[in-house]
Amino acid sequence: MSKSTETMEKIVALCRRRGFIFGSSEIYGGIGGFWDYGPLGVELKRNIKDCWWHDMVRNPPPGPDGRKFQMVGVDCSIIMNPKVWEASGHVGGFADPMVDCKECNARFRADQVYSLFLLKGPSIEHLRDAVEYNASHPKDHLKPEIEVFACSVEANSVTETLDVAGDVVRAASKARNIGKYKKFTPETKLRGVSSRSGTLFCTTEAGEDIQVHVEALATDDSATARPCPKCHAEDSLTESREFNLMFETNTGALQDSTSKVYLRPETAQGIFVNFKNVMDTTRVKIPFGIAQIGKAFRNEINPRNYTFRSREFEQMEIEFFCNPNESKMWYEFWRDVRIKWYESLGIQSDKLRPREQGEDELAHYSDACTDIEYMFPFADEPQELEGVAHRGSFDLMAHGKASKGKETAFAVLDDATKERFVPHVIEPSAGVDRFTLATITEAYSFDENRASPEFMKFHPRLAPIKAGVFPLVAKDGLPELAEPIYADIRKHFSCQYDAKQSIGKRYARMDEAGTPFCFTIDHETKEQGTVTVRNRDDASQEKIDKSRCLEYLRDKLGL
RNA sequence: GCGGGUGUAGCUCAGUGGUAGAGCGUCACGUUGCCAACGUGAAUGUCGUCGGUUCGAAUCCGAUCACCCGCUCCA
């Protein structure tokens with residue numbers, strides 16, 4: 001077993017032992033992809049959400065130009081009119097048809113095996129012929145087969161497929177003489193294909209990166225013989241099956257096709273759908289942001305890695321609306337703000353990585369996206385904590401068109417420039433559960449020289465319990481001295497009183513809960529009015545006056 | 001969905017056909033008093049589930065379920 005797996009197992013064990021996280025429905029054998037937070041976990045998660053709301057919504061940092069901007073919140077319903085998900089592209093795009101190979105058991109997303117489908121008619125040679133034919137007859141219509149991207153069984157490499165695909169497109173562009181294809185020359189390099197959006201990513205002769213949309217990209221089951229991309233067995237692929245990643249349910253007592261609704265797969269759409277409501281009822285002006293924290297649901301095919309990929313999870317999302325001229329600036333602003341936020345809560349910067357997504361992995365709505373990734377112990381590569389996406393005006397235009405009949409329905413007027421535009425949107429979308437897991441793995445510390453070798457070094461703002469209050473012994477009047485101190489602190493901070501067992505065990509328990517400070521009321525409290533403060537991180541002790549406990553905590557926690 | 005692994009107390013695990021166990025943790029009482037102290041005692045189990053073989057099954061066989069790991073997938 002690898003060291004990182006071992007660490008992860010210790011973390012999972014501690015989380016269960018101390019009541020951070022339980023598997024959902026455990027007594028019935030559990031249910032994959034769902035998790036429950038216990039008494040300590042819920043405090044931790046609540047602190048994370050409170051910090052985010054405080055730091056992003058109520059006290060957002062100054063903008064890139066020093067300008068202040070407004071942030072407001074909403075809390076939208078999880079179930080919305082299903083048209084929302086049609087307009088947003090989730091109904092079409094979120095349901096991925098999958099095919100399995102009956103020979104080698106490999107599974108592929110149907111629209112991602114485009115390059116290795118054998119379609120009716122053309123082989124590579126046919127296509128090459130067609131390319132030549134069309135090249136020599138530029139005014140003629142294309143041969144029908146050239147409308148289709150394909151490769152034959154002989155084309156075993158993606159490179160070869162792309163070569164031919166490139167030829168096809170170049171020929172097509174020449175034949176059609178369409179302006180936007182003019183940049184294609186024999187030297188054009190095809191770097192990748194996004195079958196989802198039907199986009200080709202190319203580098204031109206001049207080294208310029210361009211995108212071309214292709215309408216006739218064949219991605220369906222029209223093949224007569226479809227070799228498996230992996231083992232090349234013929235006719236081994238199953239019919240494509242829908243793996244709808246959205247949870248479906250029904251409204252109303254009667255269930256029929258008209259009652260079908262979805263559990264939201266992201267909180268963002270609630271914000272877009274309420275954009276006009278917020279504009280009309282709140283005195284916000286572009287640029288401004290709308291924030292929401294809430295649950296979202298995705299039928300992940302294979303939930304793994306503890307709570308990292310759950311089917312029910314919580315998001316903290318901002319949709320920041322700005323002038324398209326300034327969207328790049330705000331995109332970079334939010335990306336940097338969000339990274340700093342994680343660092344401010346104790347995530348080591350060398351475990352954080354901003355990763356700019358490649359063109360071919362961008363979602364259908366996204367112009368640019370930076371994943372903020374964290375190096376979890378369970379993976380070799382950093383994993384996504386948050387995506388900061390430049391969504392352009394995609395969502396507002398899509399909802400404008402679908403709900404009001406025109407894409408510019410949600411355009412706004414800039415008072416200064418008298419310019420009308422549909423705002424661009426920057427979306428920092430963070431996973432609450434993923435960050436909770438990151439804080440847990442980050443906090444987990446092991447030092448065999450300590451009396452309590454395992455301890456959780458939570459950032460003080462996130463610690464589920466801020467302080468312990470212990471009478472050294474449960475007699476001699478010490479509990480009577482400790483109780484008022486506890487009563488005082490608990491009014492302001494999450495705090496635990498414990499008079500049971502030895503002081504060492506109590507410290508150790510607090511170490512596993514990640515409590516930063518413990519106040520011990522001892523005999524000197526009686527005689528000199530001092531209490532002993534014990535620090536979680538180095539087990540050091542100091543004496544302070546018993547009246548200063550709350551003040552000490554406020555000071556040390558910075559709260 | 002495929003392959004591999006694992007299911008016994010809250011946790012870690014022992015138990016290869018004959019009464020269900022240990023350590024840790026938890027709780028109580030006592031002793032003690034500044035880093036998981038000590039003593040005594042207690043609670044906690046459909047041995048994942050169902051079926052079969054057997055006089056007798058945690059143990060052998062079959063099936064099934066769940067979880068973990070790998071593959072696949074993750075808009």
Side-chain angles (χ1 to χ4, degrees), chain A residues 1-2 5 8-10 12-19 22-33 38 85 88-113 194 196-197 229-230 238 241 243-246 265-266 298-306 308-311 357 361-366 369 378 383-384 387 389 449-455 470-476 478 499-512 518-524 531-536 538-541 543:
Chain A
M1 184 187 296
S2 75
T5 308
M8 205 53 216
E9 285 190 356
K10 280 185 180 164
V12 172
L14 187 148
C15 285
R16 159 150 192 77
R17 191 168 71 238
R18 286 307 176 208
F22 308 117
S24 172
S25 321
E26 265 179 359
I27 61 168
Y28 287 103
I31 175 167
W85 305 110
S88 70
H90 287 84
V91 170
F94 211 61
D96 291 331
M98 308 289 287
V99 294
D100 292 326
C101 174
K102 285 176 279 196
E103 295 297 320
C104 67
N105 293 317
R107 171 177 291 170
F108 310 93
R109 221 162 73 190
D111 64 342
Q112 283 190 343
V113 294
S194 167
R196 186 174 305 124
S197 53
K230 190 173 169 192
T238 60
R241 291 176 292 172
F243 282 71
N244 193 339
L245 301 185
M246 277 201 290
E266 60 173 24
R298 296 178 195 182
N299 250 324
E300 298 289 354
I301 292 167
N302 195 350
R304 279 290 160 85
N305 287 331
Y306 203 29
F308 183 80
R309 179 161 293 120
S310 300
R311 292 187 166 129
Q357 281 195 2
E361 58 180 327
L362 287 175
H364 60 272
Y365 49 73
S366 192
C369 185
F378 56 71
Q383 303 286 314
E384 180 185 354
N449 297 317
R450 284 168 64 112
S452 51
E454 278 183 304
F455 62 110
F470 307 148
L472 183 61
V473 292
K475 60 179 184 183
D476 300 337
L478 299 189
K500 299 280 177 67
Q501 300 179 308
S502 73
I503 193 72
K505 277 194 187 180
R506 284 178 272 169
Y507 287 152
R509 265 198 293 267
M510 285 295 107
D511 279 346
E512 285 193 337
C518 295
F519 298 99
T520 300
I521 285 72
D522 51 30
H523 293 91
E524 285 181 38
V531 299
T532 303
V533 191
R534 185 264 192 186
N535 185 310
R536 171 197 70 197
D538 56 8
S540 65
Q541 300 192 348
K543 298 270 185 185

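Quick caveat: nothing in here was measured; it's all calculated off a predicted structure. A, B, ... follow the sequence lines: proteins, then strands. Residue 1 opens every chain.
For the P atom pair drawn from B/A42 and B/G33, the interatomic distance equals 28 Å after rounding to whole Å. The separation of B/G10 from B/C50, taken at their C1' atoms, amounts to 27 Å, rounded to a whole angstrom. For B/C11 and B/U44, the C1' atoms lie 13 Å apart once the distance is rounded to whole Å. B/C47 and B/A9 have their P atoms separated by 10 Å, given to the nearest Å. As rounded to the nearest Å, B/C69 and B/C27 have C1' atoms that lie 37 Å from one another. To the nearest whole angstrom, the two P atoms, one in B/C13 and one in B/U8, are 10 Å apart. Nucleotides B/A58 and B/U16 have their P atoms positioned 13 Å apart, rounded to a whole Å.
The separation between A/Phe519 atom CZ and B/C35 atom C1' is 17 Å, rounded to whole Å. Protein atom CZ of A/Phe378 is 15 Å distant from nucleotide atom C1' of B/G70, rounded to whole Å. Whole-Å rounding puts the A/Asn299 CG to B/U72 P distance at 21 Å. Between the CG atom of A/Leu478 and the P atom of B/U32 there is a distance of 15 Å, rounded to whole Å. Nucleotide B/C73 holds its P atom 17 Å from the CD atom of A/Glu384, rounded to whole Å. When rounded to the nearest whole Å, the span between CZ of A/Phe455 and P of B/A36 equals 15 Å. Between the CD atom of A/Gln357 and the C1' atom of B/A75 there is a distance of 11 Å, given to the nearest Å. At whole-Å resolution of the value, CZ in A/Arg298 and P in B/A75 are 8 Å apart.
Each of B/U32, B/C35, B/A75 was ranked by its minimum atom distance to the side chain of A/Arg534; first place goes to B/C35. Of the listed nucleotides (B/U26, B/C35, B/C69), B/U26 has the atom at the smallest distance from the side chain of A/Arg509. The side chain of A/Lys500 has B/A28 as its nearest neighbour among B/C35, B/A28, B/G33.
Looking at heavy-atom distances under 4.0 Å, A/Glu512 makes contact with a base. Counting any heavy atom pair closer than 4.0 Å across all strands shown, A/Arg18 reaches a base atom. Within the nucleic acid shown, A/Arg506 comes within 4.0 Å of at least one base atom, counting heavy atoms only.
Along RNA chain B, the nucleotide nearest A/Gly504 and the nucleotide nearest A/Tyr306 are compared for position; the residue whose nucleotide lies closer to the 5' end is A/Gly504. Residue whose closest nucleotide on RNA chain B sits further toward the 5' end, between A/Gly33 and A/Ile503: A/Ile503.
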Restricting both atoms to N or O, compile the protein contacts to nucleotides 8-11 of chain B shorter than 3.5 Å, with distance only.
from  : atom 1 : to      : atom 2 : distance (Å)
B/C11 : OP1    : A/Arg16 : NE     : 3.2

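B/G17 is unpaired under the Watson-Crick or G-U wobble criterion, no partner having all donor-acceptor distances under 3.5 Å. For B/U44, there is no paired base (Watson-Crick or G-U wobble, both distances below 3.5 Å). Here B/C73 sits opposite no nucleotide as a Watson-Crick or G-U wobble pair (both hydrogen-bonding atom distances under 3.5 Å). Pairing of B/G51, defined by two Watson-Crick or G-U wobble distances under 3.5 Å, is identified with B/C61. B/A22: Watson-Crick or G-U partner is B/U12, with both key distances under 3.5 Å. Both distances falling under 3.5 Å, in either a Watson-Crick or a G-U wobble arrangement, place B/G30 opposite B/C38. Across all strands shown, B/G56 remains unpaired; no Watson-Crick or G-U wobble contact has both distances below 3.5 Å. B/U6 and B/A66 make up a base pair, with Watson-Crick or G-U wobble contacts both under 3.5 Å.
At the phosphate of B/C27, OP1 or OP2 sits under 4.0 Å from a side-chain N or O atom of A/Gln501. Close to B/U26, at under 4.0 Å from its OP1 or OP2, lies a side-chain N or O of A/Lys505.
With hydrogens and angles ignored, the 3.5 Å screen pairs no side-chain donor or acceptor of A/Arg309 with any backbone N or O of A/Gly33. A donor-acceptor contact shorter than 3.5 Å links the side chain of A/Arg506 to the backbone of A/Leu472. Remark: the backbone N or O of A/Cys518 is not paired with any side-chain donor or acceptor of A/Arg534 at under 3.5 angstrom. Listed for the A/Asp476 side chain is no donor-acceptor partner under 3.5 Å among the backbone atoms of A/Leu478.
Aromatic pair A/Tyr306/A/Phe378: centroids not less than 6.0 angstrom apart.
A heavy-atom distance below 4.5 Å is found between the side chains of A/Asp511 and A/Arg450. Residues A/Phe455 and A/Glu512 fail the side-chain proximity criterion, which asks for heavy atoms closer than 4.5 Å.
For A/Glu454 and B/A36, a side-chain-to-base donor-acceptor distance below 3.5 Å is absent, hydrogens and geometry of angles not being considered.
A salt bridge links A/Glu524 with A/Lys543: the distance from a Lys NZ or Arg NE/NH1/NH2 to an Asp or Glu carboxylate oxygen falls below 4.0 Å. A salt bridge links A/Glu454 to A/Arg17: one of the charged nitrogens lies within less than 4.0 Å of a carboxylate oxygen.
Ring pair A/His90/A/Trp85 is perpendicular by interplanar angle, where above 60° counts as perpendicular and below 30° as parallel.
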